[in-house]
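Reviewing the structure listed below.
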Amino acid sequence: MTSLAHQLKRLALPQNDSSLFARKEVASLLFDPKDAATIDRDTFFALGCTGLEELLGIEPLFEEFQETLFSQASKTLERSVQTKEVNQKLDAGISLFLSRLSPYFLLKPAQKCLEWLVYRFHIHLYNMDCLIACILPYHETKVFVRVIQLLKISDPTHRWNWLHGLQKPGVPLARGTLITHCYKDLSFMDFICTMVTKSVKAYSGSSGNCPQLRVVFSFYASTIVPALEAVEKVKDTLMAKLLPYVQKGLKSSLADYKAATYMVVCQLAVKVVMEAQLVDTLAVQLAKSLCKGPALHKEGLGCLIVLLQNQKVESVGKRAYGHLCAVPGLVSALQDIAAVHDISPLLRYLLPHLVHSVVIGSDDTSTEDSTESTNLESLLESVIQDLALSKGLDNTVAKLFLEEYLSHGTQSQLSNDEISALNQRLLPLVRAFESKCPGALDVVLEGHISDTANPQEQNLFHQFISLSMSSGKYKILAGSDTSLLLSLNHPLPSVRNMAVEHLKEILNSGQEGYDEAFLKDAVLERMKDDVPEVVQAALKALEMYCEHVGAEDTVSSLLSLLQRIDLSREGNWSPILVEAVRVLDSAPVLEGNPCLRARAVRELLPFLVITGTSTDAPEHQLACCIAQTSLLTNHPLTQGWAEVLKEVLAKTPPQDLIGVANQRLIATMTSNFSTMVGSLKRNLLEELVEVAGSQRNSLRERAAFLVLTYTLVQGLPGLPETQHLHTAQRVYSLLEPHLLELTVPHGPDQPWQEQAFEEQSAPLFPPADRLGEYLYQLRLGESGAREHALLLVLLLRLYIVHLKCPVSAFKGQTWWNPEKLDTATCCYLRLLCQLFEVIINGAGQGPLALSFRGLMQLLLQVQLSEPSDLFKFLSLLWGYSGNLGDQLDFKVSAVLQTQALYVGRALLSAQTPPTLKMLASDSSPVVPSLLACLSSPVREVRRAAVVTLQVLSGANGSPFQPITERLLQGSEELISDPSHISQALGQLYEEAVAGKGKRLLQSIELLLQGVQSPDYPSYTAKVLLRVLRDVNGEPVLAAVLPAVERLLDQCGPEPPHLLNDEALLLQLLLGKYNEQGGPLLTSNQSCLELFIRALGTTAQPFPGLPSIQIIALEQITKPFFGALGEEKIQQRILGVMFDLVVDGKNLACAQTVSSVFKALAVDGELVANELTPPEKPKASGTVQQARRSKMLQRKTQDSAAAPPEEGAVFWQRATLILELLQHKKKLKRPQVLVPALFNLLSRSLELSTGEQGNMEYTKQLILSCLLNICQKLSPDGGPSARRCWRRTSLTWSWWSSA
């Protein structure tokens, strides 16, 4: 098209449009164009008037259009012959009507009105912009597209041509497309903004907030905000288009319009870096909008916060501040916002102006919304008290108070009276701020003390300090040029000491101007000083002020002082520490506070240990002082120690003092333990364990650890069984890290590496000379490693001797099975395992190998003296690595398992022949445990098991001898291949079954009997059953049936539930239902019932494992099903499978049945029997009885829960079987199914008319099965298949017509 043609097209009038003269089709919103052409004008007019009347019932503002657009005169009005003024007036009326109609566009009455306007006034041609503005908020509806299809916008130069693509497909306008066009075409954005203002103007005569315009405002916000977000860069032209409408929105009295504008402003603030003047203008307008019109305080304040958060706060001047102060409920609104969002940007702007206004005492906001000074003070006080001053605002406010105060006082040259008035006005504000943020004011004042040089400013500064609740700490001390606060933290000790002395005077005199928090913190902080003189002064201050400091802090400070000073290196602290003990002992804070007393005693106990050889040593004096305190002399654990210590000091030579004194300390505490009973003894033991565990590396702490652990071990024999084992476990946890260090091999430079300790028969008490030598070497700065190691070995000997076995019958059992033992016994066995591990590691390496070998002998003699018990324990170690339940909470590594096997080999070699025979019998766990070890994945474990089994194979008369002899013939294969034992046992069983070894068969049966025994640990039985995986047959399955039944009994919903190992064992046991064991189901009814029971058990034995049902179904393989032999057994299994699909709600079960059934080679007769219902009863004697019987049959079929009556078809079951047959390929004699399928077809015809609809799917399945059978009979699709299917089709047609 040429440019001239374009110009002519633009100049063409709408009334010249050809469509106006074509009467074959008429533009219509509600009708098809061809149908609309047949409707007369009166009908359209009546339709429009009806719509208008309906709208008047909703919105009275439409009343004025009854006399204009919907009047009788409008029927004859022709636009094309009217003057320009008339047409302009008409356009204005149409524009106003469409603006008011927009909120109701989706209503049918509104569409009726539009239909008249389209027909009569051709608004789709003359008023296109107004029409689009009316419908644009509904751009995602089909009605919108219907209106767009009326428009003539195919010209590429047309303003609305971008909507042309919607006309032909009739799809709604996507929101993304709308948003994209909005930011790309600024005239369209202007169109949307103008549309909003026109709508507001159209409803200007309406009262209230105009809720009907909410759809317009929502469209406005949901379009402009995403458009601003999507645009890459907001340019000045876009801002120029948008800002006038933003200003109108902020000034609007409509709440929804204002809220939408807030959203636009927020998006602009986030997207654009604005000029300072624009930011100031927007802030002022936002603040004004909060004071006038509807109350949207939270929304408006939130918008202002976003603006200040993303723009420079300095850009906003004072004008907005005045309006903000006039906002009613400002603080409460900010409080609500602060619960969710950060309001610090707004406070960072508001507070400087507010503090300035309050300090100068006049209102300089210069706005019409000015506030009285008292109101500003009240506002500031509310801000301080009710709002959180986070992100450094507390320091900012403190600095503002001080700087504004000094600035106002200096510049205004205030007199004393004026300063007093100012102080009186600011006092409540400063006090309120100090209560809210005490640390902030301190930081500001501390930083300003040294910066004040001007006398006038210094005077003002002290005036300001007087406003603080703790003004005294900033006053300059006499004889010093610093304040009390700075003096307390001065680098010179003499200044700090002077400050503490001044602090004591303050505490004595009770001077005002010092808050309790400052005094408390000052005293406690100086208690942490590193100069004795300062701490001594602080200690006296603490004693004076302890009631205000508080019991917890006082005791913590004193105990911390005792803990951090090491008197062996800093002897000059001795008087201070003795004084601290005196204060602690006499402090009234401990009275009536048993928890604090107990804590004090716990932390003082290590100080009782004597670490000095001289009575004049500082630590010795401290120990004597602590021993004589009432805290310890009255304590049950240390009662009498003060007298014993005096006796030791009087009678013991200095060189023996350390050893003898500590030995007597252990004896005293042990003796006191023996006299305690009940909960007192239990609680003190717990406390002593806690104290021993808290000792670290200092001289005193290392000595205290030994003394306290010796005391704990000495106290073990007097404890009751449960408490004994619990405490023994706690004590061992303390010892274990130290013992493990002794098992680590050291370098050749260690002088005592190859020495053996001669004290193998040492007394149970620690030798005084060794203990004294160890502590003496520590004092000299040496490690004392040899003496420390010896003391630990002796302590371990003592521990082994004092460890008591629980009183239970577990030692008389064949297996020590942790799965069935009580908690106390499991704790005892865990301790034995831990002791065995640490001792066997120490005996094999490290500097104390000989001593640890002696400890091993002691452990076996004291705890495992009987050979049967010894090898039950070793059997436990040999097999426990396979225990997934880990009831002992102990991990047996492959290294420990191998070590235990070699220890067992050595011990077996030393046994007598009768003992060997007993250990190799079926009443001993030794042989089964060793056989289980032969399947270990670790080669060295298998090697150790082989050499151990070789020693045991010499026991004559052992029932396992035939197996062990044959297995050991292939020792190399056993060591090299973990699966060899399974293959070997499988071959041995085949030989035995073939009649080549009766004793061999008895040995294998003995193993199987053990596996099914409830005495066997399930983890051992599980491993043995894996070892016996190639041993299969009817006798094998019969042997494990008791175990299957026992474990299935535990699979119910009630506890006890299966352990993880028991669940895996049951899975392996069900695995014996295989091809070799299948015939047993025919001859053994209980075997069949157990398997059917397993098929019906839906319980999941353990998380992560499939259900019992799935495990059992997976055993039904093609070989297993074929091995069942009798058809009635196969029929029973097949029926149970089908029942599972019908009854079960488990999708996994249905899928498993489908896959299992698909793989089986099933005879067609078995499936036919499942499909064929029982024989129908003979017909009733009368018609009435026949009807009654038929009604009863229908009721039965309607009930899903009720089983079918005799002769009735269970259609759900039949349908599921037919579905399974659809994909069944391996079906023997499929032709046998044909009569059963026709029988089902005939039964389906007997159903009532209402039931026939539900049967269509079933009938299709039946016909599909018949077709498949025909194809199977003639796979190539020859004449026989076609003849079979034709006969079937004819028969079905005849039946259905009948």
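Quick note: numbers below take in every heavy atom, side chains included, and nothing from hydrogens, waters or symmetry partners. We're numbering straight along the sequence, starting at 1.
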* In sequence, state the C-alpha distance, the side-chain angles, and the governing distance for W573 and V535, and then conclude on side-chain contact (heavy atoms from CB on, under 4.5 Å). => CA-CA 10 Å; W573 282 84; V535 175; 3.6 Å; yes
* Work out which heavy atom in Y880 is nearest to a heavy atom in Q887; give both atom names and the distance. => OH-N, 3.1 Å
* Using the six-membered ring wherever Trp is involved, compare the ring planes of H788 and H738 and label them parallel, tilted or perpendicular (cut-offs 30° and 60°). => perpendicular
* Structure fact -> Test side chain to side chain contact (heavy atoms under 4.5 Å, CB included), reference L712, set I666, V731, V707, output is V731
* Asked: If you round to the nearest 0.5 Å, how far is CG of L864 from CZ of F871?
  -> 10.5 Å
* Spacing of CD1 belonging to I576 relative to CE belonging to M527, to within rounding of 0.5 Å -> 10.5 Å
* **Separation of E603 CD from S694 OG (nearest 0.5 Å)** => 7.5 Å
* Within the distance-only criterion (no hydrogens, no angle test), does the side chain of Q863 pair as donor or acceptor with the backbone N or O of L803 below 3.5 angstrom? -> yes
* Closest non-hydrogen atom pair between L596 and A551, with its separation -> CD1-CB, 3.4 Å
* Heavy-atom donor-acceptor pair, Q695 side chain to V691 backbone, under 3.5 Å -> yes
* Go through Y828 and H724 one step at a time and tell me if the side-chain contact (heavy atoms from CB on, under 4.5 Å) criterion holds. => CA-CA 10 Å; Y828 172 72; H724 168 86; over 6 Å; no
* For side-chain contact (heavy atoms from CB on, under 4.5 Å), just list the numbers for V581 and L631, CA-CA rounded to whole Å, side-chain angles, deciding distance to a tenth of an Å, and then say yes or no. => CA-CA 10 Å; V581 171; L631 279 171; over 6 Å; no
* Over 12 non-hydrogen atoms of neighbours within 6.0 angstrom of NZ in K540 -> no
